[in-house]
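Everything below concerns the one structure shown next.
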Amino acid sequence: MPENMTETLGDIVSPPVPYLLHGTTVAFSLCDQVWHDGSYIFYGYTNQNNDRIFLWGQSALLRVEISPENAPERTNPFIASLLPSQGKVTWYEDALDTFRDASLFLSEFEKTRGFLLDGTLNKRVSLHYDAKTLAQQSARLADIMRGNLTLAGKARQLAPILSAITHVLTTHRIPDSLKHRESDFYASISALQAQMSAFRDEMHQNAPAADVEPILALEAQIRRIHADFDSILQEQKHIPPDEAAFIQTLLDELAQINALAPGSLSAMQRIPRRLDLCREIWNHPLIDWEVRLSAATQAVDFLSEAVAQMEDAAIKSKKRYATVPDLERHIGAIEQQLDFLESAGVSSLTTPLAEQFLKKTNDWRKGANLLPLTHETFVSSIQLDSVHVTVNGRNTNPDCTIHLSIAGKENALAGHKMYARVFRGKIEEINLLR
C-alpha cells in the first residue's frame, strides 16, 4: 500500500528544467501516462509549453520527446495476468463494472436479507411470536431438568411448561420471508426437540401416558415447524440434478483458483476467470446465500486491493522518474541535427518537395478552382508548420529524428500539408498528408 494513503499521482510534481535549444529556451519535464488497464507508462521527458523555434528564418511550433535508455517503461504489478493475444490487462479495464456489479449485489442483498448480516433477524422474527413467554418457559424447563427430582416428578412439573411452549409454537405467525435456520427461534426449538427426545427415551419404559403426552405434543409441533421451514427453503432452493452438478463445477473451479499461491504466474493468469466465476456465482439464484455473498465480497476485496497495488506501483515509478536528469547529450544531438538543416538551407527541403509533389499540388488546386503554381511559386509558398523532434537515448550517441510538418502560405497547397522525416542528417522520407 502507498506509504501516504492520501498521496496520488497528481501530487508528484516534475519540476521543469530549462535548456537552450537552437536559440530558444525549452523547459523539460516528465512525460508519462496511465492506461485504462492501470499500467503506468514512463515515456521520457518533453517540453510542456507551446514553444516555437526558428529554422530557416521561419517560426514553427516545437515538440521535443526524449526517451532515455530505459524508456518507454511499463509498470503494472499484474502484467503476468495478460493473455498472450492481449496488450492490455483487460480484466482491470472491466474492474469498475465488476466492482459496481458486486457492490450492487451486496447492496440489494442487504435490503432483502440484510438481517442475516446486521443481526436484526432475531428482532424481526420476535415480532411474530411470543418470544418473552418462550424464553421464560425455556428457562424454567432448564431449571427443572437440572434439578434432582425423579423422572416422574420432572414430568409432572414440566407438563404446564411444555403446554405453554406448545401454545407459543402453535400460535406463531412468522412470515415465510423470515423462516431461516439461522434464527434463534429455529435454534431454540431444535434444542428443545433434542432435549425432550432424550428425556422421553429416558422415561419411556415406566412413565404413565399422561406424563409423556405433553412431551409428544411439543415434539409433534416442533416437527411441524421444522417441516414448514424446510419446505419453504426447499421451494426457494429446489435445484435440478443437472444444475446442481453445474453449480458444483463452478464452486470447485473457484476453490482451485483460490488455492493457487498468491502472486504466482498461475494465479495471475487466472484472475480474469476468477472474477468471471465470482460474478456467475453471486448472480446464481439457486446457490446458497452465504456462498453468493462470499463470491461478491471476494470480488470487491480483490479489486479494492488490486486498485491499491496499481496505484502504489504507479506512484513509486513516477517518483523514480519525476526529477529530470541531465539531458545535455540529448540536447547536443538535437542541436547537431538542427545545425545541419540550417547549413543545408531550406532548398534541401523545398527542392525534393517540388520535384515530387508540384504536379499533385496543381491537381489539388485545379479541383479547388485555383491557378497552378510554377516551381518558383511552389518553393516560395512552402511554410514550416511544426518541428517534432524524437530522441532515442538507448545508445551512447543518441539517435535524433526530426519530423517536419509543412503547410502552404495563403492556401497554396489547397488545404493540404506535407511531411518530411530527417534522420542522421538525411531527409529519409517525404509524403503528402491528406
Side-chain angles (χ1 to χ4, degrees), residues 81 83 90-91 94 97-118 121-122 124-125 128 169 172-194 197 219-262 264 266-303:
S81 67
L83 295 178
T90 54
W91 66 263
D94 298 334
D97 289 337
T98 304
F99 190 95
R100 186 188 299 114
D101 290 347
S103 299
L104 180 62
F105 168 80
L106 292 174
S107 175
E108 291 299 317
F109 185 88
E110 288 184 14
K111 291 178 184 177
T112 55
R113 295 188 67 181
F115 48 78
L116 294 170
L117 302 176
D118 61 20
L121 171 62
N122 295 321
R124 298 186 190 189
V125 173
H128 303 282
L169 301 187
H172 87 80
R173 294 294 181 268
I174 300 173
D176 290 349
S177 60
L178 294 178
K179 290 176 180 177
H180 298 286
R181 296 192 183 101
E182 295 83 4
S183 68
D184 285 351
F185 174 80
Y186 191 90
S188 296
I189 64 173
S190 297
L192 276 172
Q193 184 182 39
S197 178
E219 285 186 305
Q221 183 57 31
I222 290 176
R223 282 195 298 273
R224 281 192 289 271
I225 292 176
H226 276 167
D228 178 45
F229 272 55
D230 292 344
S231 174
I232 297 299
L233 294 174
Q234 275 304 113
E235 288 178 11
Q236 295 173 348
K237 295 185 177 180
H238 173 66
I239 305 177
D242 289 348
E243 191 66 20
F246 172 71
I247 290 173
Q248 193 58 50
T249 300
L250 296 179
L251 299 178
D252 290 345
E253 186 179 356
L254 182 60
Q256 290 171 2
I257 293 176
N258 288 338
L260 297 172
S264 67
S266 295
M268 285 282 190
Q269 291 175 338
R270 286 167 176 77
I271 288 174
R273 180 57 180 161
R274 178 186 180 189
L275 292 174
D276 286 344
L277 286 168
C278 285
R279 184 193 297 270
E280 199 163 357
I281 289 169
W282 86 59
N283 282 324
H284 203 301
L286 298 181
I287 295 179
D288 184 78
W289 72 268
E290 289 179 313
V291 178
R292 297 175 66 197
L293 180 65
S294 174
T297 303
Q298 182 182 144
V300 169
D301 289 348
F302 171 77
L303 291 173

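Worth knowing before you read on, the calculation uses all heavy atoms, side chains too, and leaves out hydrogens, waters and symmetry mates. Position 1 is the first residue of the sequence; numbering continues from there.
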Which pair of non-hydrogen atoms, one from [X] and one from [Y], has the smallest distance, and what is that distance?
X	Y	answer
Ser81	Met268	CB-O, 3.1 Å
Ala299	Ala102	CB-CB, 4.4 Å
Arg292	Ile287	CD-O, 3.1 Å
Asp184	Asn122	N-OD1, 2.7 Å
Ile174	Lys179	O-CE, 3.1 Å
Leu178	Val125	O-CG2, 3.8 Å

Sequence neighbours left out, cut at 3.5 Å: what donor-acceptor pairs do the side chains of residues 277-285 make with other protein atoms?
{"from": "Arg279", "atom 1": "NH1", "to": "Asp101", "atom 2": "OD2", "distance (Å)": "2.4"}
{"from": "Arg279", "atom 1": "NH2", "to": "Thr98", "atom 2": "OG1", "distance (Å)": "2.8"}
{"from": "Asn283", "atom 1": "ND2", "to": "Arg279", "atom 2": "O", "distance (Å)": "3.1"}
{"from": "His284", "atom 1": "ND1", "to": "Leu286", "atom 2": "N", "distance (Å)": "3.2"}
{"from": "His284", "atom 1": "NE2", "to": "Glu243", "atom 2": "OE2", "distance (Å)": "2.5"}

Just to verify, what does [X] make a side-chain hydrogen bond (donor to acceptor under 3.5 Å, both in side chains) with, not counting sequence neighbours?
X	result
Glu253	Arg273
Asp97	Arg100
Arg274	Asn258, Gln298
His226	Ser190, Gln193

Separation between [atom1] of [X] and [atom2] of [Y], rounded to the nearest 0.5 Å:
X	Y	atom1	atom2	answer
Leu303	Phe99	CG	CZ	7.0 Å
His180	Arg124	NE2	CZ	9.5 Å
Ser183	Ile189	OG	CD1	7.5 Å
Leu251	Phe246	CG	CZ	10.0 Å

Partners meeting side chain to side chain contact (heavy atoms under 4.5 Å, CB included) with Thr249 (sequence neighbours left out):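 Once residues adjacent in sequence are excluded, Thr249 has no partner under the side chain to side chain contact (heavy atoms under 4.5 Å, CB included) criterion.
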
Test of ring centre spacing under 6.0 Å for His128 and Phe185: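 No, ring centres 6.0 Å or more apart.
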
